[in-house]
Amino acid sequence: MTSERMMIGQNVRGILKELPEGVMLVVAAKTRSPEEVLAAIEAGAGIIGENYVQEADIKHQAVGDRAKWHFIGHLQKNKVQKAVRIFDLIETVDSLRIASEIDRHCAKDSRIMPVLIEVNSGREAQKSGVLPEETEALVREVARLDNIRVMGLMTMGPDLSNAAELRPYFRETKVLFEQLKVLDLLRVEMKYLSMGMTASYRVAIEEGASIVRIGSKIFGKRVGG
Ligand SMILES: *Cc1c(COP(=O)(O)O)cnc(C)c1O
C-alpha cells in the first residue's frame, strides 16, 4: 500500500469519526483517479460525488457498486441519459427543463431518480441553482414528474475566503428546507440537506447539514480541475 493511499484512508477515517450521527460524507472526487477513489471506499466512504458525467463514467466502470454515486456538478441536457445510468442521486437539479429530461430518461429505464434541488443561496447571477424565493415553486413542479423524487436541497454558497461568512447562507437554506418539509407535499420527502465542503463543513453541520461534500481534506489540494 502506497503512502498516498494510506493518507487518503486516514483522512476518510478521521472525517467519518468526526461527523455526528445522521450526517453523511460525500467524497468529492473530481480529478482524482479510480485508485484514489478506491482507497477512500476501502477506508469506509460509502458515497462518491462527481462533477462531470464523462469522468464519472470511467471511475464508475472501475469501481462500480462498491459505493453510491452522487452527481454534484452542473448537469447538461445532452449528458442526462448517461447520468441516469451512473448516479444514485442527482444533487443539482435547478430547473424544470433539466428535471423533465431526467424524468424522461428514467421513464425509459423504468426507474425513479432521487434528486436534490440546488439553491443559489448567494443569489449570484453567474451561479447555478434556483433562487431561494423560487425554490418552492420549482419543488412543486418537479414533484409532478413520475420518475423523480425530490429528497431535499443542496447549496454551495458564495466563494468566500472565510468559512464563517457562509453561515447566513447555510442558515437561510436550512430555514427553506424546514419550510418545505412542513408543507408535506405529495411525493416530496425533505430528507437531505447537502451543504459544506472542506473549508466549511463544520459550519454547515452546525447549521443543519445532513450531507457534506469533501474533496481536498481527503485527497490533498487539487492541481487543476
Ligand atoms: C469540489 C467540490 C466539493 C469539494 O470541495 P473541497 O473544497 O475540495 O472539499 C464540494 N462540492 C462541490 C459541488 C464540488 O464541486
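In listed order, ligands and their atoms are each counted from 1. None of these values were measured; they are calculated from a predicted model.
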Taking only residues two or more places apart in sequence, or in another chain, which ones meet Glu36 in a salt bridge (charged side-chain N to carboxylate O under 4.0 Å, His left out)?
-> none
Donor-acceptor pairs are to be reported for all side-chain atoms of residues 70-83 against protein atoms at under 3.5 Å, with residues two or more places apart or in another chain.
{"unit_1": "His70", "atom_1": "ND1", "unit_2": "Glu91", "atom_2": "OE2", "d": "2.8"}
{"unit_1": "Lys82", "atom_1": "NZ", "unit_2": "Asp57", "atom_2": "OD2", "d": "3.2"}

Please list, chain by chain and in numerical order, all residues satisfying side-chain hydrogen bond (donor to acceptor under 3.5 Å, both in side chains) with Arg104, sequence neighbours excluded.
-> Glu101
Look at the side chain of Arg5 and the backbone N and O of Thr2, then say whether any donor-acceptor pair between them is shorter than 3.5 Å.
-> no
I'd like the atom pairs linking ligand 1 to the protein - N or O on both sides, separation under 3.5 Å - with distances to 0.1 Å.
{"unit_1": "ligand 1", "atom_1": "8 (O)", "unit_2": "Ser216", "atom_2": "N", "d": "2.8"}
{"unit_1": "ligand 1", "atom_1": "8 (O)", "unit_2": "Ser216", "atom_2": "OG", "d": "2.5"}
{"unit_1": "ligand 1", "atom_1": "8 (O)", "unit_2": "Arg222", "atom_2": "NH1", "d": "2.9"}
{"unit_1": "ligand 1", "atom_1": "9 (O)", "unit_2": "Thr198", "atom_2": "N", "d": "3.0"}
{"unit_1": "ligand 1", "atom_1": "9 (O)", "unit_2": "Thr198", "atom_2": "OG1", "d": "2.4"}
{"unit_1": "ligand 1", "atom_1": "9 (O)", "unit_2": "Gly215", "atom_2": "N", "d": "2.8"}
{"unit_1": "ligand 1", "atom_1": "11 (N)", "unit_2": "Arg213", "atom_2": "NE", "d": "2.9"}
{"unit_1": "ligand 1", "atom_1": "15 (O)", "unit_2": "Lys30", "atom_2": "NZ", "d": "2.7"}
{"unit_1": "ligand 1", "atom_1": "15 (O)", "unit_2": "Asn51", "atom_2": "ND2", "d": "2.7"}

Sidechain-backbone polar pair: Arg85 side chain, Asp109 backbone, donor-acceptor under 3.5 Å = no
Exam field: side chain Arg213 to backbone Ala28, donor-acceptor pair closer than 3.5 Å | no
